[in-house]
Participant: 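Got a structure for you, written out below as structure tokens; questions coming shortly.
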Amino acid sequence: MSRTQEILHAPHEQIEEIQLEGIKKTVIACYENVPFYKRSFDEAGFDPYALSSLEDLRRAPFVTKQDLRDNYPYKMFATPLSKVKEIHMSSGTTGVATVGGYTEHDLETWGECFARGIIYANGSEKDIVHVCYGYGLFTGGLGAHYGGLWMDSTVIPMSAGNTERQIRVLKEMGSTIICCTPSYAMHIADTAIEMGLDPARDFHLRAGIHGAEPFSDNFRRDLERKLNYHVLDVYGLTETMGPGVAIECWEQQGLHLAEDHFYAEIIDPNTGEVLPDGEWGELVLTSVDREASPVVRYRTRDITRIIPGTCPCGRTHRRIDRIHGRTDDMLIIRGVNVFPSQIEDVMKTFPQVSSWYQIEIDTDQRSLDLVTLKAEVNPDFDFDSVAAIERLQQEISARLKTALSVGVRVRLVEPKTIARSEGKAKRIVDLRRGIK
Ligand code: DLL
């Protein structure tokens with residue numbers, strides 16, 4: 001604990017030394033143990049043994065999600081499987097998931113990184129940490145769980161779902177910190193209100209550590225008002241560890257990167273050039289000390305910037321801004337990653353519908369994501385038969401549910417009723433929480 005407090009306040013030069021020493025070892029471990037890295041470093045003319053400054057890392061090639069997929073399941077591991085104690089996978093439902101392995105050391109680091117969120121929430125062993133991120137292959141549940149254990153707090157491993165039970169536990173067990181997606185926190189709050197409770201008074205929450213999906217400032221304020229607590233944004237991704245890569249402190253002025261474990265660069269997503277602090281671009285992450293699944297210059301596709309200057313909290317780890325979107329078209333619906341191409345793939349199997357469609361995402365009165373697929377039928381489809389329309393809508397919806405693990409309402413419309421655009425087609429209309 002005191003070591004973590006110390007490192008969170010260490011002079012930045014000291015953090016850079018830790019990063020350089022760690023990355024020197026990481027690039028060599030990758031080169032010597034992962035055939036993919038050997039090939040890609042050699043092709044790019046990057047000599048891992050010659051790395052002598054953090055700037056030198058710019059000569060290393062990027063690694064993408066596709067590279068990780070191509071090496072499914074274990075080919076990106078830099079340690080023997082016998083040293084890997086746990087495995088998690090991305091929620092990507094596109095067939096090939098990305099896999100993260102954790103050695104004993106990696107699990108310890110993960111717990112410590114998430115625990116920083118509890119530290120930022122002024123937490124201690126006295127806190128009762130209510131974890132309702134999903135447990136399992138998703139990194140949310142166990143990441144928060146290990147964070148609570150690392151802090152010596154009391155952990156309630158609820159996992160997601162069974163909202164009425166969550167509410168009972170929140171009220172009766174006195175949970176002080178809740179960890180779940182922001183949309184699920186809102187759903188819990190709204191359901192409690194519907195049940196006649198006043199969660200601001202009946203719950204005992206001080207803080208929520210919410211992430212895995214974007215949420216606006218208005219949404220945050222609404223949550224804070226309903227639950228009478230303080231919301232901290234937590235960022236992370238399966239490919240680099242899970243939640244805890246960066247977390248907001250109490251000041252809510254950006255997310256402190258866990259810089260002693262991750263080296264961050266912001267690049268222009270089109271040219272790959274590294275951008276100066278303050279400029280928005282794509283976040284690229286390199287592992288400083290990950291053993292089982294290290295990444296060197298992983299392109300996250302997430303858009304953010306390094307916030308210049310120091311945080312009023314006095315901690316020295318640089319901050320990233322809240323995630324503004326992604327460079328690809330991945331949607332996050334109720335925490336599940338969905339690509340429009342997956343929806344297209346399902347639609348292609350129905351000859352009655354054309355390729356003109358629009359996906360509208362909104363929130364229902366319970367603040368849960370609501371997805372409507374508007375799809376044009378082909379001109380030869382009998383649009384006068386209400387029964388036929390309803391039947392087809394149901395069939396498509398059921399198929400989408402199986403393929404995506406997300407409920408999608410299907411609304412068939414007549415040919416040529418979806419607006420055409422002169423440029424790119426506007427496939428996605430996202431009306432959620434002020435996200436553009
Ligand atoms: O969502 C890990 C996580 C769990 C983070 C719990 C925070 C809390 P994946 O399923 O691999 O991992 O999805 C990673 O989710 O690349 C971002 O696009 C998005 N994302 C994660 N955190 C945030 C956040 C987990 N705080 C992808 N704000 C990432 C916005 C986020 N987007």
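Since the structure is predicted, the reported quantities are computational estimates derived from the model, not experimental observations. Every number for a ligand or one of its atoms is a count from 1 in the order of the listing. Only this structure's heavy atoms are used, side chains among them; waters, hydrogens and symmetry mates stay out.
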Participant: Is a side-chain N or O of Thr316 found less than 3.5 angstrom from the main chain of Leu8, in a donor-acceptor match?
Facilitator: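 The answer is yes, because a donor-acceptor pair under 3.5 Å joins these two groups.
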
Participant: For Asn228 and Ala200, which heavy atoms make the closest approach, and how far apart are they?
Facilitator: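 Closest approach of Asn228 to Ala200, heavy atoms only: ND2-O, 3.4 Å.
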
Participant: Ligand 1 and Tyr133, any nitrogen or oxygen pair closer than 3.5 angstrom?
Facilitator: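 No - when backbone and side-chain N and O of Tyr133 are compared with those of ligand 1, no distance drops under 3.5 Å.
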
Participant: If you compare all heavy atoms of Ser153 against all heavy atoms of Asp127, which two are closest, and at what distance to 0.1 Å?
Facilitator: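 So the minimum-distance heavy-atom pair works out to CB-O, 3.3 Å.
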
Participant: Pairs of nitrogen or oxygen atoms closer than 3.5 Å, one from Ser90 and one from ligand 1: do any exist?
Facilitator: no

Participant: Heavy atom to atom 29 (C) of ligand 1, shortest distance: which of Asp302, Ile320, Leu232 holds it?
Facilitator: Asp302

Participant: Counting heavy atoms only, name the option from Ile247, Thr238, Thr98 that's nearest to atom 9 (P) of ligand 1.
Facilitator: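 Ranked by closest heavy atom to atom 9 (P) of ligand 1, first place is Thr238.
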
Participant: Among Glu86, Glu108, Glu291, Lys85, whose side-chain hydrogen bond (donor to acceptor under 3.5 Å, both in side chains) with Thr103 holds?
Facilitator: Glu291

Participant: Please check whether Val234 reaches ligand 1 - meaning an N/O of the residue sits under 3.5 Å from an N/O of the ligand, judged on distance alone.
Facilitator: yes

Participant: Report the part of Arg301 (side chain from C-beta onward, or backbone N, CA, C, O) that has a heavy atom under 4.0 Å from ligand 1; answer both or neither where that applies.
Facilitator: neither

Participant: Please report the shortest heavy-atom distance between Gly407 and Val371, naming the atom on each side.
Facilitator: O-CB, 4.1 Å

Participant: Does an N or O from Leu237, backbone or side chain, lie closer than 3.5 Å to an N or O of ligand 1?
Facilitator: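 No.
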
Participant: Which of the numbered atoms in ligand 1 are below 4.0 angstrom from a heavy atom of Phe138?
Facilitator: 1 (O), 4 (C), 10 (O), 25 (C)

Participant: With only distance considered, is Thr300 within less than 3.5 Å of ligand 1 through an N or O on each side?
Facilitator: no

Participant: Of all the heavy-atom pairs spanning Gln166 and Gly161, show the shortest one and how long it is.
Facilitator: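 Between these two residues, the closest heavy atoms are NE2-O, 2.9 Å.
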
Participant: From atom 1 (O) of ligand 1, work out which of Ala212, Gly244, Gly242 has a heavy atom at the shortest distance.
Facilitator: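 Minimum heavy-atom distance to atom 1 (O) of ligand 1 goes to Ala212.
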
Participant: Below a 4.0 angstrom heavy-atom separation, can you tell me which part of Ile332, side chain or backbone, both or neither, approaches ligand 1?
Facilitator: side chain

Participant: Would you confirm whether the ring centroid of His261 sits within less than 6.0 angstrom of the ring centroid of Trp110?
Facilitator: no

Participant: Checking the side chain of Trp150 only, and the main-chain atoms of His145 only, is there a donor and an acceptor separated by less than 3.5 Å?
Facilitator: no

